[in-house]
Amino acid sequence: MTKAENTAYYPKGSFLRSSLPRQAMLLPMGACIMIVETWYHKGENNLLDKGASKTDYLKVLQFIDSILVPAESFRKQVLLSLSQLFGFNRSIFWTVDRQGNLYDPLTYNVEDRLIQEYVSYYFQFDLLHPQKILHRISTSKALRINDIMSYQEYEQSVYYKQFMQVYGNYDMISVYLEKGNKLLGGIGLARSKQEKGFTAEDARVLEILAKHIANTFAMHARVEELEDEKILFRPIPICPQSA
């Protein structure tokens, strides 16, 4: 595997961490204040009622604060915070197109060659690919392998024997980022067979995080759309004809 903080971004190049002051990193229209206040007033019961610990609740608040960064740093920061706060040390953040295809992957501690092989061939065998489980995404934003099939079946699958095992990966959990019934992106997390498998607790916490990641991701996308529209419809000055 590559270094713990290696990122590979296709096709636009790697992100750099912004040096902007904290105030300049806030989302537009007080979005950051709205998110944090919502969690303080409603989030604790929402999270703790699902069996998460007080420690996990505090980590969720830290996570929400940590991803309030400029759009160009957002996906990288999400993966970094998932690692630092929750121990999810191997991950890929995908964007999803209107047909449900995965593209534009940003990786954390994942080999470039794995991405190349996945995109060129093995995506079709991915058991957690959104196109294969669209009926589950509306109710579950975080799904593990054993939510789909038993580990015994999984170990006999092409996806595990020819792909995951080759790169030292075993357990998987996928996070689906949906806003207004529109799938915006997804995050794939993996662990080796020697590591602890993904638990129901992991899935519960990721379900909560998915909502906030999706909301912020959608905000960034909308801002970019508005900026593009502004450029597209910017009036073109007409130069007066010379006498």
Side-chain angles (χ1 to χ4, degrees), residues 1-28 31-32 35-36 39 59-97 101-119 123 128 130 141-142 167 169 172-179 183-191 198 202 205-225 227-228:
M1 304 297 289
T2 54
K3 294 180 181 179
E5 199 173 333
N6 176 51
T7 57
Y9 183 63
Y10 303 83
K12 300 179 182 177
S14 59
F15 284 136
L16 297 176
R17 183 166 179 80
S18 173
S19 58
L20 292 173
R22 184 67 177 170
Q23 292 85 347
M25 293 164 64
L26 300 180
L27 292 171
C32 60
I35 291 173
V36 174
W39 267 94
K59 286 181 180 180
V60 167
L61 290 179
Q62 284 181 272
F63 181 88
I64 294 170
D65 181 66
S66 74
I67 64 172
L68 298 178
V69 297
E72 63 269 18
S73 304
F74 174 69
R75 292 199 296 158
K76 178 180 178 180
Q77 185 59 50
V78 167
L79 300 186
L80 186 62
S81 295
L82 286 174
S83 175
Q84 293 178 338
L85 292 171
F86 299 99
F88 301 133
N89 297 321
R90 203 171 304 161
S91 55
I92 308 172
F93 194 144
W94 298 89
T95 300
V96 175
D97 67 16
N101 299 308
L102 302 175
Y103 73 100
D104 197 14
L106 181 92
T107 67
Y108 184 88
N109 201 23
V110 172
E111 293 179 86
D112 293 357
R113 186 179 170 189
L114 180 149
I115 292 294
Q116 293 163 2
E117 290 192 8
Y118 179 88
V119 170
F123 72 93
L128 296 175
K141 298 298 183 287
Y167 289 97
N169 295 318
M172 295 188 302
I173 187 168
S174 287
V175 182
Y176 306 96
L177 307 176
E178 192 175 57
K179 177 71 174 176
L183 191 62
L184 305 174
I187 301 174
L189 308 169
R191 284 178 174 163
F198 292 108
D202 292 330
V205 171
L206 287 168
E207 285 267 357
I208 299 298
L209 297 182
K211 298 175 185 177
H212 294 281
I213 298 170
N215 286 341
T216 309
F217 197 26
M219 286 181 195
H220 284 311
R222 182 55 182 155
V223 170
E224 289 180 359
E225 286 176 7
E227 288 297 322
D228 290 342

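All values derive from a computational prediction rather than experimental measurement.
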[X] side chain near [Y] side chain, heavy-atom distance below 4.5 Å:
X      : Y      : answer
Arg75  : Thr95  : yes
Leu206 : Leu82  : yes
Val78  : Leu106 : no
Leu102 : Val96  : yes
Leu114 : Thr107 : no

Q) Would Phe217 and Phe93 count as a close aromatic pair, with their ring centres under 6.0 Å? A)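 For Phe217 and Phe93, the ring centres are under 6.0 Å apart.
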**Q.** Within the 6.0 Å centroid threshold, strictly below: Trp94 and Phe123
**A.**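 No, too far apart.
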Q. Got a sec, which residues hit salt bridge (charged side-chain N to carboxylate O under 4.0 Å, His left out) with Lys141, two or more places apart in sequence or on another chain?
A.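 By the salt bridge (charged side-chain N to carboxylate O under 4.0 Å, His left out) rule, Lys141 matches Glu178.
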Q) Among all residues two or more places apart in sequence or in another chain, which pass the side-chain contact (heavy atoms from CB on, under 4.5 Å) test with Leu85? A)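 Counting only residues at least two positions away or on another chain, Leu85 forms a side-chain contact (heavy atoms from CB on, under 4.5 Å) with Gln62, Phe63, Ser81.
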Q: To the nearest 0.5 Å, tell me how far Phe88 CZ sits from Phe198 CZ.
A: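 One gets 6.5 Å once the value is rounded to the nearest 0.5 Å.
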**Q.** For Tyr176, ring-ring contact (aromatic ring centres under 6.0 Å, His included) partners two or more places apart
**A.**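 Residues passing ring-ring contact (aromatic ring centres under 6.0 Å, His included) with Tyr176: none at all.
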Q. Okay, side chain of Gln77, backbone of Ile67: is any donor-acceptor separation there less than 3.5 Å?
A.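 Judged by distance alone, no pair lies under 3.5 Å.
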